[in-house]
Number of protein chains: 2
Amino acid sequence: MSISGAEAEASHELLVIRPSKWTLVVIVQLRSGTMRFNELRRNMGGVPQKSLSQTLRELERDGYITRTAYATIPPRVEYDLTELGRELLALADDWHSFAQRNRRAVEQARRLFDAVDERPAY
Amino acid sequence: MSISGAEAEASHELLVIRPSKWTLVVIVQLRSGTMRFNELRRNMGGVPQKSLSQTLRELERDGYITRTAYATIPPRVEYDLTELGRELLALADDWHSFAQRNRRAVEQARRLFDAVDERPAY
DNA sequence: CTGCATCCTACGGGATACTG
DNA sequence: CAGTATCCCGTAGGATGCAG
């Protein structure tokens with residue numbers, strides 16, 4: 001399988017792998033099951049309501065999560081991963097695993113790179 | 001393995017999975033081996049020089065690619081994947097594969113979602 | 001050929017206030 | 001409780017011109 005092709009296609013495909021700041025955080029939060037809006041909000045630290053709403057909306061739109069609203073007072077909305085969402089979760093885990101394994105190496109590489117103040121003729 | 005934890009930690013980890021617009025495009029371009037600057041540029045479509053430079057610099061800094069400059073006239077610079085870069089390439093392939101498999105499904109989900117103009121009480 | 005410097009615009013995303 | 005509306009700002013990133 002080769003990715004290289006028309007740049008438009010490449011860009012298009014790669015768009016899928018440039019999630020917004022909070023998308024994958026939501027995905028991993030829903031790992032253990034159903035969650036409500038403010039429940040997510042609390043568990044995700046300082047995420048603004050606007051960002052969370054937008055993220056949830058887009059995830060629902062793309063079919064990664066479901067949204068179930070109950071017409072009670074007070075209102076109550078539950079979010080869940082779909083099958084597709086669980087696949088995305090698997091990918092997120094892969095990335096996280098990768099990041100965990102190589103965090104030190106990358107930090108070290110950065111320090112080395114930054115230490116070379118004599119970087120001539122770029 | 002659980003991702004959930006302090007939000008700061010989660011954010012930090014997830015930073016690694018929010019590459020810039022061109023990072024993964026470069027990575028997949030280097031799949032087949034060494035490439036020069038303008039060679040990359042041509043194969044990547046309309047990428048501005050600035051963006052490509054920045055991307056290459058950061059990838060080098062983090063240890064994903066190597067940069068070899070030859071002091072010839074005209075100058076010549078070659079880029080290559082490191083071992084770490086190849087691991088990143090593997091992840092990129094996973095994402096691409098995922099995107100390929102589910103492109104239709106996501107498009108369909110979007111159409112369905114957008115078709116519901118009666119979405120009350122969000 | 002391989003970059004850097006500059007300018008400019010669009011957009012993500014945070015803070016705050018308000019609503020059903 | 002679960003959002004929307006508005007404002008504001010930093011930064012990504014595109015276009016252009018210049019340099020070694």
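Remember, it's a predicted structure, so these values are computed and weren't measured experimentally.
Checking B:Q54 against B:R42, the closest nucleotide of DNA chain C that is more toward the 5' end is the one next to B:R42. Comparing B:P75 and B:V47 along DNA chain D, the residue whose closest nucleotide (by nearest heavy atom) sits nearer the 5' end is B:V47.
Here the side chain of A:R18 pairs a donor or acceptor atom with the backbone of B:P19 at under 3.5 angstrom. No side-chain donor-acceptor contact under 3.5 Å links B:T34 to the backbone of B:E78.
Residue A:N38 places its side chain closer to D:dA2 than to any other of C:dT2, D:dA2, C:dG14. Of all nucleotides listed (C:dA15, D:dT4, D:dC1), C:dA15 comes nearest to the side chain of A:P48.
Side-chain N/O atoms of A:Y79 include one lying less than 4.0 angstrom from OP1 or OP2 on D:dG3. Between A:R18 and D:dG13, a side-chain N or O to OP1/OP2 separation shorter than 4.0 Å is present. Taking only side-chain nitrogens and oxygens, B:R76 never comes nearer than 4.0 Å to OP1 or OP2 of C:dG3. For the OP1/OP2 pair of D:dG3 and a distance below 4.0 Å, the side-chain nitrogens and oxygens of A:R41 include no atom meeting the criterion. In this structure, B:S51 reaches the D:dG14 phosphate: one of its side-chain N or O atoms is under 4.0 Å from OP1 or OP2. OP1 or OP2 of C:dT2 has at least one side-chain nitrogen or oxygen of B:R36 nearer than 4.0 Å. For B:S53 and C:dG3, the shortest distance from a side-chain N or O to OP1 or OP2 is not below 4.0 Å.
In this structure, B:F37 and B:Y79 have tilted ring planes: the angle between them lies in the 30° to 60° band.
Between the side chain of A:K50 and the base of C:dG14 there is at least one donor-acceptor pair of N/O atoms closer than 3.5 Å.
Rounded to whole Å, the distance from CD on B:Q49 to P on D:dC18 is 14 Å. Nucleotide D:dG13 holds its P atom 9 Å from the CH2 atom of B:W22, rounded to whole Å. Distance B:I73 CD1 to C:dT2 P: 14 Å, rounded to the nearest Å. B:F37 has its CZ atom 11 Å from the P atom of C:dC1, to the nearest Å. If you take CG of A:L52 and C1' of C:dA15, they are 15 Å apart, rounded to a whole angstrom. Look at CD on A:E58: it is 14 Å from P on C:dC11, rounded to the nearest Å. Between the CG atom of B:L40 and the C1' atom of C:dG3 there is a distance of 14 Å, rounded to whole Å. Taking atom OH of residue A:Y70 and atom C1' of nucleotide D:dG3, one finds them 18 Å apart after rounding to whole Å.
Residues B:L56 and B:R67 fail the side-chain proximity criterion, which asks for heavy atoms closer than 4.5 Å.
Contacts of B:T72 with the nucleic acid, taken as non-hydrogen atoms under 4.0 Å apart, are absent.
The existence of a salt bridge linking A:R57 and A:E60 is excluded, since no basic side-chain nitrogen approaches an acidic carboxylate oxygen closer than 4.0 Å. Remark: B:E107 does not engage B:R104 in a salt bridge, criterion side-chain N to carboxylate O under 4.0 Å.
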